[in-house]
Amino acid sequence: MSYSDKGLATLGELEAKARADDIEMSARMCLDMSRFKAVVKQLRRVDDNIILRMNNTNTAAAGECLALFQILQTAYRRREHDIGMCLGVLERRISDVEEASGSGGSGGRAKIFSLKTQRDWVASERGVEDIVRRRSLDVFKSRCQFFEFPPEFDDFLNRRGE
């Protein structure tokens, strides 16, 4: 990985981290909480890198602010997609197990309880995501004071409360 003269990731490197093309969230990862947690942690590192870059560079330039905003937006959408996908995977798995076990024994109930616990944990990641976004957007707004968010981004942020 190459870095700028201040030891910071370049904009291109940050964009690649935000897209995370080398990480593919799968149903299997969604069902393995340790892998899911590791992937989400890795996907959130881009926020830390952007905050570091904003604190150490001149972000008064409109072009720099726009580039950093687009990287943040890409990262947010990627994580939102992956968390939503995993919630869907877990909901389907819960339904499948409930259907298969019917009024079955304790093994089915234990598996359902385990899956619901996993689902609730993944759902709680949305709350963590809100905190991560708020933190990075607060730094962004303080460094790029004159940047105006596009209306569709405001809509994206506001739909989190639904």
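This chain uses plain numbering: 1 for the first residue, then up along the sequence. What you see below is based on every heavy atom in this structure, not just the backbone, and it leaves out hydrogens, waters and symmetry mates.
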Can you check whether [Y]'s main-chain N or O pairs, donor with acceptor, with [X]'s side chain at less than 3.5 Å?
X: R79; Y: L43; value: yes
X: R92; Y: G88; value: yes
X: T74; Y: Q70; value: yes

Can you find a heavy atom in the side chain of [X] that is under 4.5 Å from one in the side chain of [Y]?
X: K37; Y: V40; result: no
X: V97; Y: R93; result: yes
X: I71; Y: R53; result: no
X: S101; Y: I112; result: yes
X: F36; Y: D82; result: no

### Query
Is the shortest side-chain N to carboxylate O distance from R133 to E80 below 4.0 Å?
yes

### Query
Would E98 and K116 pass as an ion pair if we require N to O under 4.0 Å?
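Yes, this pair counts.
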
Output the distance between atom [atom1] ([X]) and atom [atom2] ([Y]), rounded to the nearest 0.5 Å.
X: Q118; Y: I94; atom1: CD; atom2: CD1; answer: 8.5 Å
X: R44; Y: E129; atom1: CZ; atom2: CD; answer: 4.5 Å
X: R126; Y: I131; atom1: CZ; atom2: CD1; answer: 15.0 Å
X: R28; Y: D32; atom1: CZ; atom2: CG; answer: 8.5 Å
X: E148; Y: C65; atom1: CD; atom2: SG; answer: 12.5 Å
X: I83; Y: H81; atom1: CD1; atom2: NE2; answer: 11.5 Å

Provide the closest heavy-atom pair for [X] versus [Y] in the form atom of the first, atom of the second, distance.
X: R119; Y: L87; answer: O-CD2, 3.5 Å
X: V46; Y: A18; answer: CG2-N, 4.0 Å
X: I51; Y: S136; answer: CD1-CA, 3.9 Å
X: C86; Y: V122; answer: CB-CG1, 4.1 Å
X: M54; Y: R143; answer: O-NE, 3.4 Å
X: R78; Y: D21; answer: NH1-N, 4.5 Å

Do [X] and [Y] share a hydrophobic cluster, counting only Ile, Leu, Val, Met, Phe, Trp and Tyr and linking them when any side-chain heavy atoms are less than 4.5 Å apart?
X: L90; Y: V128; value: no
X: I23; Y: M25; value: yes
X: V39; Y: W121; value: yes

### Message
If we check salt bridge (charged side-chain N to carboxylate O under 4.0 Å, His left out) with R135, which of these qualifies: D130, D48, D47?
### Response
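Going through D130, D48, D47 one by one, the salt bridge (charged side-chain N to carboxylate O under 4.0 Å, His left out) with R135 is satisfied by D48 alone.
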
### Query
Does D138 have any salt bridge (Lys or Arg N to Asp or Glu O under 4.0 Å) partners at least two apart in sequence or in another chain, and if so, which?
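By the salt bridge (Lys or Arg N to Asp or Glu O under 4.0 Å) rule, D138 matches no residue at all.
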
### Any residue meeting salt bridge (Lys or Arg N to Asp or Glu O under 4.0 Å) with K141, in chain and number order, not counting sequence neighbours
none

## Note on the structure
Across all chains, not counting sequence neighbours, the ring-ring contact (aromatic ring centres under 6.0 Å, His included) partners of F147 are F69, F140, F149

